[in-house]
Amino acid sequence: MPSDRRQLHLNLFLMGVGHHEAAWRHPRTDPAGLSSLAHYQRLAATAEAAAFDSVFLADGVEGPDPARANAWISHFEPFTLLSALAVSTERIGLIGTVSTGFTEPYNLARQFASLDHLSQGRAGWNIVTSAGDRAARNFNRTANQEHAVRYQRADEYLEVVRALWDSWEDDALLLDRENGLVTDSAKLHEINHSGEHFQVLGPLNIPRGPQGHPLLVQAGSSEDGRGFAARHAEAVFTAQQTLAEGQGFYADLKARAAALGRDPAGIVVLPGIVPVLGSTEAEAKALDQELDDLIDPTRAIGTLSTLLGVDLSDHPLDAPLPPLPPVAAINGAKSRFELVRDLAERDGLTLRQLVGRLGGGRGHQVLAGTPEQVADHIELWFGQGAADGFNIMPPILPDGLDLFAEHVVPLLRERGLFRTEYTGRTLREHYGLPRPANQYTSVAV
């Protein structure tokens, strides 16, 4: 395989026993195992054996609505689980979601620096601003902040966190036992941040991590989200339904980054795909239908109502969606609202059909087919300027991951698109990204 050929990046999105809405009801899954560390260790080990760049944990800070039927159980908090996975893996990256809306920069900077040290440079932060009022009510608020304000807070949050990660220069830790010097005090820095949202003194109470900064990941595709990604993100998880939409998002994000003086290659774009695999296309489609048939419409419609800001509980299942509010009126996940609205309008879907389409991957592409067909799709998007890699979201776990690793990954390798083994040690090295310079070291004294 030519060493200078552009290579795919693959991230495994860990989600319970699968990304399909009804995965837990399918006989090929074991939802009772979700409280077991062994379940996640097995998945991470499979992805690492296939040389995936990383595994990723989503997270939310609100509990289920008790009024909604069949509310799903909570999942593990990311730092706790990723720290455990750091011990059971050696090379694969570990990306966790933490909200800028309901945490403080100092604690977060310390936690990710700790994970980076414990994993020897494999930590990544998926940055979210948290939509919805239920989360806000867990943090001494009656409602969430406005969409634009959440991103303004996130911008300042990133400024603080980066400064804290740099508050120890790389050679600040001396451990000079002969002279009794633990650190070089000239290389420790109070950041003295005073802003609209945060007042932070610094320095951090842990040395700079192996990567300098953990990998910065972002998933919002709204106007505010794209601007934020262009300024800060190094990897972007996105949901696009068509090749043209994927190409448009890819080109727009890279152009925004370039306009800000960033190297567009420094942002890795990873659309999500849900590969429903079978030895034949008919077999794959049959599994897809099996899963759709297990969807609980009441629960799915409740989730959709929250997303769209319209109560659909009494809406006829076989009718199109009712008129929806303008996107400007949505204070939650604007990009996902637009994706669902556009999907329903473009394909003329009834409520029943829309619930089925979203049940497979919450707006991400569902690819029901053979390994060759899935590999063809990946190669097309990768080669036609719509992706640098993919966020792999198996519909059922562990089977869906096993099939992808055993049958799709070898095809990608045969086509010269994906590594046969790891060539780096850190997550940044996997994604082909540099270690950031320390902002204090670079200042002339």
Side-chain angles (χ1 to χ4, degrees), residues 1-13 19 43 45-56 91-93 235-251 253-254 264-285 287-288 361 364-395 398-424 427-433:
M1 181 185 299
S3 61
D4 59 347
R5 184 172 179 178
R6 180 169 168 253
Q7 295 283 289
L8 274 166
H9 300 286
L10 295 179
N11 172 75
L12 172 63
F13 186 167
H19 282 267
L43 296 173
T46 300
E48 185 170 62
F52 273 57
D53 295 67
S54 49
V55 296
F56 158 61
R91 305 293 284 275
I92 197 164
V236 174
F237 297 148
T238 184
Q240 308 295 332
Q241 285 286 320
T242 69
L243 177 62
E245 290 173 354
Q247 290 169 323
F249 177 85
Y250 187 95
L253 186 59
K254 302 275 184 171
I267 303 182
V268 178
V269 178
L270 303 166
I273 57 170
V274 181
V276 186
L277 292 165
S279 58
T280 65
E281 183 177 354
E283 183 181 304
K285 290 186 179 299
L287 173 59
D288 193 34
H364 295 273
Q365 280 198 91
V366 177
L367 306 177
T370 64
E372 291 79 8
Q373 289 173 318
V374 172
D376 288 345
H377 176 94
I378 289 173
E379 184 173 14
L380 176 67
W381 278 52
F382 183 62
Q384 294 297 315
D388 295 308
F390 289 87
N391 197 16
I392 306 302
M393 304 165 58
D399 282 12
L401 173 60
D402 292 343
L403 290 172
F404 189 91
E406 292 169 10
H407 298 287
V408 179
V409 169
L411 292 174
L412 299 175
R413 288 174 174 159
E414 288 174 11
R415 301 178 190 192
L417 299 175
F418 189 61
R419 66 171 74 90
T420 57
E421 60 185 14
Y422 291 108
T423 57
L427 178 54
R428 287 185 168 277
E429 289 172 336
H430 298 342
Y431 278 98
L433 299 172

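- No donor-acceptor distance shorter than 3.5 angstrom exists from the side chain of Glu48 to the backbone of Leu43, with no hydrogens or angles considered.
- The heavy-atom pair separating Thr370 from Ser279 by the smallest distance is CG2-O, 3.8 Å.
- Side-chain atoms of Ser54 and Tyr431 form a donor-acceptor pair, as typed in the model, at a separation below 3.5 Å.
- Here the straight-line distance linking atom CG of Leu412 with atom CD of Gln7 works out to 10.0 Å at 0.5 Å rounding.
- The main-chain N or O of Ala51 is found under 3.5 Å from a side-chain atom of Arg419 such that the two form a donor-acceptor pair.
- Side-chain contact between Ile392 and Ile273 is present, with at least one heavy-atom pair separated by less than 4.5 Å.
- To the nearest 0.5 Å, atoms CG (Asp399) and CD (Glu406) are separated by 9.5 Å.
- Screening residues 380-392 for salt bridge (Lys or Arg N to Asp or Glu O under 4.0 Å), with sequence neighbours left out, gives Arg6-Asp388, Lys254-Asp388.
- Within the 4.5 Å cutoff, the side chain of Glu429 has no heavy atoms near those of the Thr423 side chain.
- At a threshold of 4.5 Å between non-hydrogen side-chain atoms, the residues Glu379 and Leu417 count as touching.
- The two residues Ala235 and Leu270 make their nearest non-hydrogen contact at CB-CD1, 4.5 Å.
- Side chain of Arg91 to main chain of Gly424: a donor-acceptor pair is present (N/O by atom type, distance under 3.5 Å, no hydrogens or angles).
- Tyr422 places a side-chain N or O within donor-acceptor distance of the main-chain N or O of Phe52, the cut-off being under 3.5 Å.
- Each salt bridge (Lys or Arg N to Asp or Glu O under 4.0 Å) pair with one or both residues in residues 269-281, not counting sequence neighbours, appears once here: Glu281-Lys285.
- Considering all non-hydrogen atoms of both residues, Ala387 and Phe382 come closest at O-CD1, 3.4 Å.
- Distance alone, capped at 3.5 Å, is enough to place a donor-acceptor pair between the Asp53 side chain and the Leu10 backbone.
- A distance of 4.5 Å separates CD1 in Ile267 from CG in Leu253, rounded to the nearest 0.5 Å.
- Looking only at distances, no side-chain donor or acceptor of Gln240 sits under 3.5 Å from a matching main-chain atom of Pro271.
- At distances below 3.5 Å, not a single donor-acceptor pair connects side-chain atoms of His407 with backbone N or O atoms of Leu277.
- Scanning both residues, Leu12 and Ala47, for their nearest heavy atoms gives CD2-CB, 3.8 Å.
- Closest approach of Pro275 and Pro395 over heavy atoms only: O-CD, 3.2 Å.
- Atom CD in Gln365 sits 4.0 Å away from atom CH2 in Trp381 (nearest 0.5 Å).
- Of the inter-residue distances, the one linking Phe237 atom CZ with His364 atom NE2 reads 9.5 Å to the nearest 0.5 angstrom.
- Taking CD of Glu245 as the start and OG1 of Thr238 as the end, the distance is 9.5 Å to the nearest 0.5 Å.
- Taking all atoms of both residues into account, the shortest heavy-atom contact from Pro410 to Ala405 is CD-O, 3.4 Å.
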